[in-house]
Amino acid sequence: MWKWLHPYAKAQTSYELAGKLIPWFTIVCCISFAVGLVWGLAFAPADYQQGDSFRIIYIHVPAAILSMGAYTSMAVAAFIGLVWQIRLSDMAVAAMAPVGAVFTFIALFTGAAWGKPMWGAWWVWDARLTSELILLFLYLGVIALYNAFSDKVLAGRAAGILTLVGVINIPIIHYSVEWWNTLHQGASITKFDKPSIALSMLWPLLIMLLAFATFFGALMLMRFRNEILQRESHRPWVKALVMGGK
């Protein structure tokens, strides 16, 4: 009944929709990356305390936000897959996990590069840094678990359960700077009532956030389509698509 009400639960329909969306995500991604990077690196004023070293914020912050956003999206997909037994949800989890892991690594790497001149050390066992590192391990765990089973139905369920268990780490990352005394600075762009960052610095940061979000969307949809083709390779429409491609 659920599938009848939602035609995009069909693999072929979702495959075609993803193909239509990818070019739009790609175009917005390229434009926003170009505008955001040029604006942020060349035209945004230097920070009065950190100087030009603060400009790493235009990579670090979007990557960190998307690392949490991607995992939250995975948790939603995993919940749908476990409750309604929608195979496409399991495929979506598998498609998002590697992209989210890369974003998490970028956030950790750029954070370390930023922390060295600010804190005098590449790494400290700060609450936010540690919880973000745990997030990377969760991503790697989901990827490993999904690829550990030849039965992809069982693999999807196992990966979905781990994803839902690990989602508790997301609010810990977000509120860690408020719950504990940490070296990491507090929120900068989520305080819209009184932002702690100048508008001349905020706008390119928001544009870079859009760039990372659309980049995630494009990569996820590409991987999602590949996952569908692999899982549905026995279907006549996939065979016809492959033969047509030849």
Side-chain angles (χ1 to χ4, degrees), residues 36-37 40-41 44-76 96-145 162-199 201-213 215-216:
L37 283 175
L41 299 181
D47 185 77
Y48 76 100
Q49 287 182 322
Q50 303 180 37
D52 286 326
S53 64
F54 98 97
R55 297 184 192 278
I56 201 170
I57 194 176
Y58 297 114
I59 301 297
H60 173 71
V61 171
I65 292 176
L66 263 298
S67 70
M68 294 185 289
Y71 197 92
T72 303
S73 300
M74 284 172 52
V76 173
M96 286 186 276
V99 185
V102 171
F103 280 159
T104 307
F105 176 80
I106 292 173
L108 289 168
F109 180 81
T110 54
W114 195 3
K116 176 61 176 176
M118 295 299 103
W119 303 338
W122 291 100
W123 180 267
V124 293
W125 291 102
D126 177 271
R128 173 159 289 181
L129 273 65
T130 304
S131 54
E132 185 76 6
L133 180 62
I134 292 173
L135 181 63
L136 177 60
F137 292 152
L138 286 169
Y139 273 121
L140 297 178
V142 170
I143 295 170
L145 197 57
L162 177 58
T163 301
L164 290 175
V165 170
V167 78
I168 188 62
N169 190 48
I170 299 301
I172 293 176
I173 296 174
H174 182 73
Y175 292 107
S176 58
V177 294
E178 300 177 15
W179 292 345
W180 297 285
N181 292 322
T182 69
L183 291 174
H184 201 285
Q185 69 183 56
S188 297
I189 66 175
T190 56
K191 296 159 57 178
F192 287 108
D193 55 335
K194 188 178 180 182
S196 56
I197 181 173
L199 290 178
M201 301 175 180
L202 176 61
W203 280 112
L205 182 56
L206 293 177
I207 294 173
M208 286 300 296
L209 181 58
L210 174 63
F212 270 75
F215 184 52
F216 168 77

* Roughly how far apart are T163 OG1 and M74 CE, rounded to 0.5 Å? -> 4.0 Å
* Give a yes or no answer on whether the side chain of Y139 reaches the backbone of V99 with a donor-acceptor pair at less than 3.5 Å. => no
* Rounded to the nearest 0.5 Å, how far does CG of L135 lie from OG1 of T130? -> 12.5 Å
* Structure fact -> Rounded to the nearest 0.5 Å, the CZ atom of F212 sits from the CD1 atom of I59 at a distance of 4.5 Å
* Asked: Considering only heavy atoms from C-beta outward, does the side chain of T110 approach that of V61 to under 4.5 Å?
  -> no
* Measure the CD1-CG distance between I170 and L138 for me, rounded to the nearest 0.5 Å. => 8.0 Å
* Can you see which heavy atom on L164 is nearest to which on A75, and at what distance? => CD2-O, 3.3 Å
* Asked: What pair of heavy atoms forms the shortest contact from Y58 to L205, and how long is it?
  -> CE2-N, 3.5 Å
* Do R55 side-chain atoms and D47 backbone N/O form a donor-acceptor pair below 3.5 Å? -> no
* To do: With the side chain counted from C-beta on, respond yes when M96 and Y71 share a heavy-atom pair under 4.5 Å apart, and no when they do not.
  => no
* Plane angle bin for F109 and F105 - parallel if under 30°, tilted between 30 and 60°, otherwise perpendicular -> parallel
* Would you name the heavy atoms of G36 and P204 that are closest together and state the gap between them? => O-CB, 4.0 Å
* Answer yes or no: is there a side-chain heavy-atom contact under 4.5 Å between L209 and L66? => yes
* If you round to the nearest 0.5 Å, how far is OG1 of T104 from CG of L140? -> 8.5 Å
* **Heavy-atom check, side chain of F103 versus side chain of F215, under 4.5 Å** => yes
* Can you name the closest pair of heavy atoms from R128 and H174 and give their distance? -> NH2-O, 2.7 Å
* Asked: Does any non-hydrogen side-chain atom of L210 lie less than 4.5 Å from one of L206?
  -> no
* Asked: How are the rings of H60 and W114 set relative to one another: parallel (under 30°), tilted (30 to 60°) or perpendicular (over 60°)?
  -> perpendicular
* Can you name the nearest heavy-atom pair linking S67 to E132, along with the distance? -> OG-OE2, 2.8 Å
* Structure fact -> Between the CD1 atom in I197 and the CG atom in L202, the distance rounded to the nearest 0.5 Å is 5.5 Å
* Check I172 against S131 and note the closest heavy-atom contact, atom names and distance. => CG2-CB, 4.1 Å
